[in-house]
Structure formats: C-alpha cells, structure tokens
Amino acid sequence: VQAVFRSNLSHLLDLMGSGKESLIFMKKRTKRLTAQWALAAQRLAQKLGATQRDQKQILVHIGFLTEESGDVFSPRVLKGGPLGEMVQWADILAALYVLGHGLRVTVSLKELQSNLGVPPGRGSCPLTMPLPFDLIYTDYHGLQQMKQHMGLSFKKYRCRIRVIDTFGTEPAYNHEEYATLHGYRTNWGYWNLNPKQFMTMFPHTPDNSFMGFVSEELNETEKQLIKGGKASNMAVVYGKEASIWKLQGKEKFLGILNKYMEIHGTVYYESQRPPEVPAFVKNHGLLPQPEFQQLLRKAKLFIGFGFPYEGPAPLEAIANGCIFLQSRFSPPHSSLNHEFFRGKPTSREVFSQHPYAENFIGKPHVWTVDYNNSEEFEAAIKAIMRTQVDPYLPYEYTCEGMLERIHAYIQHQDFCVAPGPALPGAHTPQSPFVLAPNATHLEWAQNASLAPAAWPPAHSLRAWLATPGRACTDTCLDHGLICEPSFFPFLNSQDAFLKLQVPCDSTESEMNHLYPAFAQPGQECYLQKEPLLFSCAGSNTKYRRLCPCRDFRKGQVALCQGCL
Ligand code: UDP
C-alpha cells in the first residue's frame, strides 16, 4: 500500500486519547498547527513528485507518560514543568500521520501489551510472535517496558525500534561490553542498538539521528507586522520554573538589564509571586502556548539564565523576531561537572545554554556572552537594542523540514539488515579514494560502484585525518562538513591509511570508540573491530582520528546534498 499525504488531523486527535494534562497540551498544539502541517505536506508532495512511498504500520509508545514509569511530567504541565518533550512527541505524531502512515498511539502498559498481542496479566510473552508494526517509536522508559513484556520478540524486532532521546546516546555508552569494561555504564543502560536508532531533539551528536520538532512559521505579512510592532525595550526571561531565578550573581546582570529594558517573566506561581523573582520583573505566570507566542512577538530580547538546556523556547523566540541572549559556559558543562548531565550517556561538552542556537543560528539572532563580565554583558544589551533582526526559523525546524527528514529516515534507514563488516571485506572497493592536494583529505571516488544502496550515498564521503585530541564531530565541522558515522566502514582499512599517506609502522585491530586512528609516538595505526563502536564523538590527545565527513544541506543538516 502506498502512503498518501494527509491534511486533516482530526482522526489523529482521536488516536491520541485523552484525560492527561500532557495529552491535552499536545492535542491543542496539534490542532493549532494543522494548517501549517497541511501546507507543508502539499509542498513536500510536490518536491517528491512520483517517489514511491510504502505505507508503514507504526506504533508510537510514549513511555514517559505511562503510569508504570511514574508519569512525573503530566501533573507538572500546568505548573511550569518541562514541556519540550511533549512539544516533540506531538510533532512526531503529526509528522508520521501527515506522511500517511498507519498509526497506533499508546500511553499505558496495558495498551502497549494489547497492541503487541501480549495477553494482559501475563508478565511477558515467552514466544516470538509476529510483530504487526514495521516501526516503533518510543523512549528509554518504553524500551525498558518492551524488553520486559515482549519476551523473545524483543531481540528479534529491536531493529524496528526508534528511541526518542533528547540529549543523545554515544556509541561508547551503547555497547554493553565496552561500556562495562571502560566505565561508560549509565542508568540508561547499554542496549547495543545501532546508535542511529537513537533520535535527538537537536542535531548535536551525528552518531544519533536528528529528529527535532517544529516551530510555527510566519508568512511575510506576519513578519512585517511583527517587526513594526516590537517594543525595543522589552525583554522576556527564558524559564517557567521559579528555581532558575535562584542563580547566583543574577542581581548584577539583571540590574544592568533593568537599566535598559522592561523585564517580563512567565514563571509559574500558585497564589503569590514567587519570592525568587525580583519585584521589578513583570511576571505573567505560566502562559498557554499561543499567549506565550504573542508575548514573544512584542519582545525585543529573550534572555536565558543558563537553564533549561536546549529547549524549544529560544527557537520560538527567534522565529518571532526576538534576539536570544545567553550565557557562555566556561568551563563547559558536561556529565563530569554538572548534576543535570550526570549519568546521561554522552560525553558532550556544552559551551552555552543552547549550543544549537549558538552554532547553527548565531548573530545577529543569537548572542552568547559571559554574564560574569558586566562590561561585555552591558555592551551586548546596548548593541542588541540597536540591532534590527528579521524573524528567522531554520528550515529543519519548519513543518516541511521535519516532514522531509522523517520521510528520508523512513525511506532509507533500515537497521534490520546486518551492518557491513568493520574490517575490510565486502565493503572495500578497489580504488576508493581520490587524493586531495594536501594529502590529509580524501574524496570518495564518484565512480565508486560499491554498495549502491548505501545511504547516505557513498559519493558524499570526504575523509579527514583529525589533529591529535580532536573529535570527528569537530574535525568535520572545522571543514564545513558533518561527521557521518555510516561511512566509517569505508575508512576502516589499511588501504585508507595508505591513501592518506599515514606512515603506519604496524596495524592493529581493537575495540575502541576512537578507532580508526593513528598514534603518533609509535607510528601505530589502529582499526576498529566492532562496528557498533564507530563513533563521531570522542577524542584523546594520544590519537589522530580518521574521520568520515559529508556535506549537508544548509538548514537541513541531517541530509546531504542529493540524498533525499
Ligand atoms: N511555553 C509555554 N508557556 C510559557 C512558556 C513556555 O507554553 O509561559 C512553552 C513554549 O512555547 C515551548 C515549551 O513551553 O514550546 C517548552 O519550552 P522550553 O524551551 O522551556 O523547554 P522545556 O524546558 O519546557 O522542555
């Protein structure tokens, strides 16, 4: 059966169920965005032309909303609790539905069991049953529940699972044996999935797939209207929970801001104003999403205090013509030094509250400064007040961009076929490289005839030898490219080192998430033994890593040019 784009979302709203505050929030959002989704579907349909798309049967099991996992978020929806996850799940559901796939949505263990064909009351199903879904989208909580209740089927069908995982899971933490041996074990487990099965909220770890969410897009008339109606001295503070105002040293920079601007907040409170929020701040209380957007349309500045990390709100602010001001973190926050990241399966270092805003959007929309430096802070405020900006939304966060990306994943990502060998073999072409002039950069030969079904297509590979201590994520970005872990097998050979003119005295093959790599002192070359450990993330001053990079479309970093 072919998938047909849908523009009427009323049946999806029924599928989403009811009762919980979180579901009410999600459904309101979906309803509000219906027209945008419909328009995006039209545009993508035109772009794809006659492309054949199979209709998939998809189960979406939102684990964190189940009572069995404690459902800590639903009761906090109206109290300033996190909403980013709900924004994302609402948009994932909308995208899958608009793309025309068959959908089931479950938010309880009972519904999950009945959809999987597990008899209720029985702990788990001992036999392998045929799975009536081509794809399952879930989260870490849901993954655990499926493992407990699917019995042997779990192992057989895990390749069909996609795990929505806000901050990402790096390969070193995902591989059970390796994580156990080398101290990468976390509470989230080590599931031995293909790292691309984890899907993140922002494109920060190319080892995982970037799922994202959407923000409302304005048409030209709306943009002009907003630009005309901005109050140049109005600032809105990022954060719904009073706790973010406990920040040490805030008096100093808030005092400076207050000299120039009227400061607004949307901090949740029960009966009286939260004591943490200074009296000069005009607090509106937690606003419904559409009213929050209206506030952003009037404001000039959206200011972050350092927490929450990487949420949707700054993108919405920028889309509504605000400038986003945030603090630089020095030293960077990570699982080594910050409670929030502790125990998360990532080694990523976060250099500001919203690295995506800093690195992918930047000035004039995003200003990242040191809040402890009063002069730098004050200069930024003054400059911001003089700066005119247009509302801006990166394509990957529009409805069309998200539809396009999920379409590409569904069309091309198949983790049920066995991955190629880590070591040279079937995947090693006769003459894989074109040597670049400086001999530290290789281009994939255009005529490479191997693995024609590979996705992204192998011709977009550009190989670089990293400098010592540099991760592949950064090395690729240094060259205006993105690391593409699925290309690692092409570089994992003596031949690749040879072509890069790396003088290997000896070559060894081991399990190490930094391999393939070259160690300078002993002139030793190391190959990767375990395909699951190929990792863009990670570095060590001992090694020069061999990095597979690819180009990407501006505003759609998940896709290379010509790989739709
Ligand atoms: N939001 C809202 N009312 C408010 C402030 C924010 O509905 O008063 C919404 C906002 O539109 C955004 C969502 O809350 O889509 C989550 O934003 P945030 O970046 O704060 O992420 P979180 O920490 O909640 O995951």
Side-chain angles (χ1 to χ4, degrees), residues 21-33 36 62 64-65 72-92 94 139 164-167 200-202 211-218 234-245 263-270 273-274 277 281-299 302-322 324-326 340-341 344 350 352-358 361 366 391 393 397-399 402:
E21 221 41 81
S22 45
L23 292 174
I24 296 171
F25 174 87
M26 288 163 63
K27 286 167 78 169
K28 275 192 198 155
R29 174 177 177 81
T30 305
K31 219 166 157 175
R32 200 172 59 248
L33 286 169
Q36 298 228 340
I62 311 178
F64 80 98
L65 293 183
V72 289
F73 281 12
S74 295
R76 292 172 62 203
V77 167
L78 299 175
K79 298 191 171 187
L83 297 176
E85 279 80 358
M86 284 157 230
V87 164
Q88 191 183 27
W89 278 106
D91 296 348
I92 291 170
D139 53 18
I164 304 303
D165 171 18
T166 306
F167 293 93
T200 58
M201 190 126 173
F202 287 92
M211 170 55 82
F213 57 92
V214 306
S215 180
E216 278 159 84
E217 206 180 348
L218 306 173
M234 178 177 167
V236 175
V237 174
Y238 180 16
K240 313 181 249 22
E241 260 174 322
S243 58
I244 67 142
W245 294 78
I263 307 174
H264 294 245
T266 62
V267 185
Y268 168 75
Y269 63 96
E270 213 117 272
R273 80 180 285 116
V277 180
V281 174
K282 191 171 169 3
N283 187 24
H284 301 259
L286 181 70
L287 294 175
Q289 237 184 355
E291 284 172 44
F292 177 61
Q293 308 272 346
Q294 289 308 319
L295 190 69
L296 293 175
R297 288 182 184 198
K298 280 185 262 160
F302 191 60
I303 176 169
F305 286 0
F307 194 83
Y309 297 109
E310 300 188 301
L315 290 191
E316 294 167 6
I318 296 161
N320 283 295
C322 297
F324 177 50
L325 176 64
Q326 61 167 352
F340 182 84
F341 286 109
K344 290 199 166 49
V350 175
S352 62
Q353 182 175 4
H354 206 297
Y356 178 84
E358 181 183 3
I361 302 178
V366 180
L393 181 63
Y397 284 98
T398 65
C399 291
M402 183 164 179

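One-based numbering, in listed order, for ligands and for the atoms of each. Just so we're clear, the structure is a prediction, and the values are computed from it rather than from any experiment.
Residues satisfying the ring pair (Phe, Tyr, Trp, His ring centres under 6.0 Å) criterion with Phe25, sequence neighbours excluded, are absent altogether. Partners of Tyr397 under the ring pair (Phe, Tyr, Trp, His ring centres under 6.0 Å) rule, at least two apart in sequence or in another chain, are Phe202, Phe210, Phe213, Tyr356. Residues forming a ring pair (Phe, Tyr, Trp, His ring centres under 6.0 Å) with Phe307 (at least two apart in sequence, or on another chain): Tyr309, Phe340.
When atom types are taken as modelled, the side chain of Glu217 and the backbone of Leu393 share no donor-acceptor pair closer than 3.5 angstrom. Formation of a donor-acceptor pair under 3.5 Å by the Gln326 side chain with backbone atoms of Phe305 is not found in this model. Remark: the backbone N or O of Glu216 is not paired with any side-chain donor or acceptor of Glu316 at under 3.5 angstrom.
Using a heavy-atom distance under 4.0 Å as the criterion, the protein contacts of ligand 1 are Pro82, Leu83, Gly84, Val87, Tyr238, Lys240, Thr266, Leu286, Leu287, Gln289, Phe292, Pro308, Gly311, Pro312, Ala313, Glu316.
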